[in-house]
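Worksheet: one structure, shown below.
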Amino acid sequence: MAEITHPPMDQLQDLEYCIDSNPSWAETILLAFQNYILMLGTSVMIPSLLVPAMGGSDRDKALVIQTLLFVAAINTLLQALFGTRLPAIVGGSYAYVIPIAYIINDPSLHRISNPHERFIQTMRATQGALIVASSIQIILGYSQVWGLFSRFFSPLGMAPVVALVGLGLFQRGFPLLGNCVEIGLPMLLLVIGVSQYLKHVRPLRDIPIFERFPVLICVAIVWIYSLILTASGAYRDKPIATQLSCRTDRANLISTAPWFKFPYPLQWGPPTFSAGHSFAMMSAVLVSMVESTGAYKAASRLAIATPPPAYVLSRGIGWQGIGIMLDGLFGTVTGSTVSVENVGLLGLSRVGSRRVVQISAAFMLFFSILGKFGAVFASIPFPIFAALYCVLFGLVGSVGLSFLQFTNMNCMRNLIITGLSLFLGISIPQFFNEYWNPSHRGLVHTNAGWFNAFMNTVFSSPATVGLMVAVFLDNTIEVEKSKKDRGMPWWVKFRTFRGDNRNEEFYTLPFNLNRKENVIAENGSVDHKSSDPQAFEENPHVYSRPMIENLRTRIRGLTSADGKTEIFHSLLPLLIKVSYGTSYLWDVFLTGISLHKTNTIA
């Protein structure tokens, strides 16, 4: 048998900078600006799609784009500092389009005759729905429920999910590129040529500019080319749809954007709340949580980091929920999720540095406040971004498939689960999307509009459908005797913060905030030096649920004949100190239950 020359590897090796290493400051600033340019595509496209349907003007659209960029900067910084700490841009999400379209078509809003008033009222309704729905991610994140659910994940189950996070966005690729082939196709060929065939060419001795900055180089060239076509009148007699896709002056962003505008909470007025709107929006929040989970897994691999432990993943989801609440407070017209294209850029540029993403957030803040300058870059035709998506979404999809290296793909069980998850993850959303458009309810068509929006949103997401199929099959078919085939021996050490000594290097919080978390082992590993009952009473908020099992025996010893009294006195300081850490409420609740059971047994 031939020797295996490509053994499975925990971390990618074909990258220049990992999450904690940084390029020179000049490179870092250029890389950060490259990330900013890339995320403009989604940040401009979503408001351009939704604001006119809400009755907004071009000026309203420019203000919404500024607000979306401003909040995206805040959310990116929060995620990079206190969330997962991965180099991930957090921006607008297409997952919210169906619930927002349901709100737009609400009869009580649709009958408003004044377009601007209708825009304001629809925006307020959207804000209220986002604020209420954000509680889903906040609760699931900070209560560690999402981390507990991640126990059912395996390399086999996550491979199709991460793959579908990228491949499931195929409709944002060539179909939109084809709206202006004379711009999109040259862009696609150019970015492949520059990033792959010229990556070893170094005009500057120390910096591989073609490998490091392919997006900046290619966007600049094709953007100038599209400006020439627009100025020469090439699209003067073309259909309106072609002009909107190809021209650089059709968005009217530069002329309508203010020179200076500082977005602030409730700038559109007080939010309005509706149960139906909120329930519909919750579907998008769940979808964005699943898609972000897959994107975090891909980002960790492209940043040469270990997969985020369950505790870190929950922490990131909790902060993303806060980000969605900020979207509702500021009025961004959509919720937040991890930018998949920027995750792909980590691999294309071979730089996974966290500092690059943090400085990119500074660019977002700057250009969101100085509207005219930001509008110049926002006028880039969307087919240019669509060409980039063809490369970057495909790259993220391949990162997902790379998780299969830790599984046994000579096993028929694994082949069936992988193939069925990928196929249904693409086929079912495509079926739902064929029946949906902004003026109709979609495939699910009942008298309850919120239910229609909920179901159509969930089943229109490839990653969400893939997760449901893959995780269900992987945890119900021959589970016990397939642990090695599923890749669990490799995966299990990354479930907990202390499962691998590299986790502390990648995911420790800044400003010494992790000092009290050093004794935490979220899903099974415990620092036994700190498993003293007295220490547990003095510092309950730094103990996690698995500590309960190790403490039960010693707690029995503390319980005398008057066990109820002693248990009450031991619980009292615990309940008092609960108020100091909301992220541990769930653990403390379960701790109380366990102590009660212990007393009963004694």
Cation-pi check for Y94 against R172: NZ or CZ below 6.0 Å from the six-membered ring centre and within 45 degrees of the axis, yes or no?
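Geometry flag: set, cation within 6.0 Å and 45°.
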
Are F377 and F367 near enough that their ring centres are under 6.0 Å apart?
yes

Centroid-centroid distance, F431 to F459, less than 6.0 Å:
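No, too far apart.
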
Between [X] and [Y], a side-chain donor and acceptor under 3.5 Å:
{"X": "T293", "Y": "W146", "value": "yes"}
{"X": "S461", "Y": "E291", "value": "yes"}
{"X": "Y296", "Y": "Q320", "value": "yes"}

The test is ring-ring contact (aromatic ring centres under 6.0 Å, His included); show your working for H277 and Y102 and say whether it passes.
CA-CA 8 Å; H277 296 167; Y102 159 67; 5.7 Å; yes

Other residues, nucleotides, ligands: >12 heavy atoms within 6.0 Å of F170 CZ:
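More than 12 within 6.0 Å, yes.
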
For atom CZ of F423, decide whether the heavy atoms of other residues, nucleotides or ligands shown that lie under 6.0 angstrom number more than 12.
no

For S288 versus I324, what's the shortest heavy-atom pair and its separation?
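So the minimum-distance heavy-atom pair works out to OG-CD1, 4.2 Å.
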
Keeping the roles fixed (side chain from [X], backbone from [Y]), state whether a donor-acceptor pair exists under 3.5 Å.
{"X": "S226", "Y": "W223", "result": "yes"}
{"X": "D327", "Y": "V71", "result": "no"}
{"X": "Q121", "Y": "L109", "result": "no"}
{"X": "R354", "Y": "R85", "result": "yes"}

List the steps, then state whether side chain to side chain contact (heavy atoms under 4.5 Å, CB included) holds for E341 with T42.
CA-CA 9 Å; E341 55 267 34; T42 300; 2.8 Å; yes

Report the C-alpha separation of Q430 and Q171 in whole Å, then their side-chain angles, then the decisive distance to 0.1 Å, and conclude whether the side chain to side chain contact (heavy atoms under 4.5 Å, CB included) test is met.
CA-CA 10 Å; Q430 178 63 23; Q171 292 179 330; 3.1 Å; yes

So, applying side-chain contact (heavy atoms from CB on, under 4.5 Å) with M281, which one of I98, T457, T126, L286 is it?
T126

Atom pair CG (L326) and OG (S336), whose distance is rounded to the nearest 0.5 Å
8.0 Å

How are the rings of F385 and F382 set to each other: parallel, tilted or perpendicular (split at 30° and 60°)?
tilted

Test ring-ring contact (aromatic ring centres under 6.0 Å, His included) on W268 and F119; report intermediate values, then the result.
CA-CA 10 Å; W268 310 106; F119 166 75; 5.4 Å; yes

